[in-house]
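Working notes, beginning with the structure itself.
Only a predicted model underlies this, so the values are computations on that prediction, with no experimental measurement involved. Chain A is the first sequence line, chain B the second, and so forth, proteins listed ahead of strands; every chain is numbered from 1.
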2 protein chains.
Amino acid sequence: MEHDHIATAPTETATRARTRRAILDAAVTVLSANHGASLADVAEAAGVGRTTVHRYFAERSDLVAALGADVRERLQEATVRARVDEGPAPKALERLCLEYFELGDRLMLLFDVPQFLSWAGFEEETDSDRVLVRLIERGQAEGTVDAEADAEWLQNVLWSLLYAAWMQARDYGTPRHTALTSCLHTVRKAMAAS
Amino acid sequence: MEHDHIATAPTETATRARTRRAILDAAVTVLSANHGASLADVAEAAGVGRTTVHRYFAERSDLVAALGADVRERLQEATVRARVDEGPAPKALERLCLEYFELGDRLMLLFDVPQFLSWAGFEEETDSDRVLVRLIERGQAEGTVDAEADAEWLQNVLWSLLYAAWMQARDYGTPRHTALTSCLHTVRKAMAAS
DNA sequence: CAGAAATGGAACAGCGGTGTTCCGTTGTGG
DNA sequence: CCACAACGGAACACCGCTGTTCCATTTCTG
């Protein structure tokens, strides 16, 4: 046994950090396109040997877990950037959409492979999820967001529309900017107070 | 070789028709829950031997193809039942949502595994898809549906929301009726003329 | 009830992905 | 420049799924 990839305390080399990122990024691309892709596919996409992938992530589940952690981290950062507590709720929701949309393929993983986050993070509800629900509830209290709809449902609506927009940009040739604009338009209408 | 499962002309026995349905139904359930499920899983869910599954569908791809055909057929029937050409577009859209929602797990397959339909049916756009787009365009011409949004985008919106609603009923404990009501509410708002 | 239809299950070979080991090669940093 | 870290690739055993064959058993049907 005696794996050298656990990367514990000793300052992880810059080299290692780079290849690690390359693998994770490739994994996002490959796995978001095909959930059942083999590790060889990931390795090839990362421009790395299959062995090396195993050096960094002993088992497939380890890669998935790391992927989950990575996505969750970026989600967290995006949430912070959106400054959800500032200004009217609808504007904050737009900022949030914008930031989340930038997550790109990682968005697909979040949606398609709930195991990624539930498992890896163990927590069913991400921090970001809670932030989003609270934002919606704030809007409902403000009277700027539809209070007739359940906050959790509206949360799902937002995710679904983001997913739809990204898929439209990915599978159909729609330019990302166009898809995002449509998405924001619909989100605005769907969430607006009645 | 000499397979007896091709089920050509000779009036398919009632028995065979029943087990065939059992397998297809089980496949919908199992595969919608887990795309990578084995044929043994499908067989077990259908209360049938793995051998029997292969007797009806020689290869996995044959099962998938039959599944695609089945789903497309039901989609077609649902579309007819919705009488999309009658009355104002928004009402017709609601009827369509209602019918599509009843497709249940089959909905997930439609969404999650586009290959199912694209492949099997070979046609990228289902008949039902075209009907939906035309309905939306009719509404836009009538002035009863948001004309600022692209019809194809609104089509995706409807599918996404249906998906979200079904998922909410499936994964979270939300009663189907509640989920459907929320869904219709949001669809109405999202599609409404601005 | 007898024959045919339909099924279940065991058993088998083949395939592809996985996880691991070993060793030779590259390249990075002190 | 030289030692050590990092990597690539071949090779291996293992496992689960697949597709197929064969035969015994159950279940329709005339």
The correct set of residues in residues 34-45 of chain A placing a heavy atom under 4.0 Å from DNA chain D is none

*Salt bridge B:Glu99-B:Arg95, side-chain N to carboxylate O under 4.0 Å*: no

Thinking salt bridges, do A:Arg20 and A:Asp70 make one under a 4.0 Å N-O criterion? no

Is B:Tyr56 near enough to C:dA6 that one of its side-chain N or O atoms lies under 4.0 angstrom from OP1 or OP2?
no

### Message
Can you see if the side chain of A:Thr15 gets near the phosphate of D:dA5 - specifically, an N or O under 4.0 Å from OP1 or OP2?
### Response
no

Base-pair string, DNA chain C, Watson-Crick plus G-U, cut-off 3.5 Å on both distances, | for inter-strand, is ||||||||||||||||||||||||||||||

So CG of B:Asp85 and CZ of B:Arg138: to nearest 0.5 Å the spacing works out to 6.0 Å

Selection from [options] that lies nearest to any side-chain heavy atom of [X]:
{"X": "B:Thr13", "options": "D:dG19, D:dT29, C:dT20", "answer": "D:dT29"}
{"X": "B:Glu59", "options": "D:dC7, D:dG19, C:dT20", "answer": "D:dG19"}
{"X": "A:His54", "options": "D:dG8, C:dG8, C:dT18", "answer": "C:dT18"}
{"X": "A:Thr51", "options": "C:dG19, D:dC7, D:dG9", "answer": "D:dG9"}
{"X": "A:Thr52", "options": "D:dG8, C:dG8, C:dA6", "answer": "D:dG8"}

Assert: residue with more 5' nearest nucleotide on DNA chain D, out of B:Ala14 and B:Arg60, is B:Arg60

If you count the non-hydrogen atoms of other residues, nucleotides and ligands that lie under 6.0 Å from CZ in B:Arg170, is the total more than 12?
yes

Please tell me whether A:Tyr163 and A:Asp112 have a donor and an acceptor in their side chains that are separated by less than 3.5 angstrom. yes

Q.
Would you say that B:Thr79 contacts B:Tyr100 through its side chain, given a criterion of any heavy-atom pair below 4.5 Å between the two side chains?
A.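 B:Thr79 reaches B:Tyr100 side chain to side chain.
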
The single option from B:Trp159, B:Phe111, B:Phe101 that satisfies ring-ring contact (aromatic ring centres under 6.0 Å, His included) with B:Trp166 is B:Phe101

query: Looking at residues at least two apart in the chain, or sitting in another chain, which of them share a side-chain contact (heavy atoms from CB on, under 4.5 Å) with B:Glu44?
result: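 With neighbours one apart ignored, the set is empty.
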
Checklist entry - In terms of hydrophobic clusters joined by side-chain contacts under 4.5 Å, are B:Leu110 and B:Val131 together? => result yes

- Query: Reckon A:Arg50 touches a base, only the sugar-phosphate, or nothing at all at heavy-atom distances under 4.0 Å?
  - Reply: base

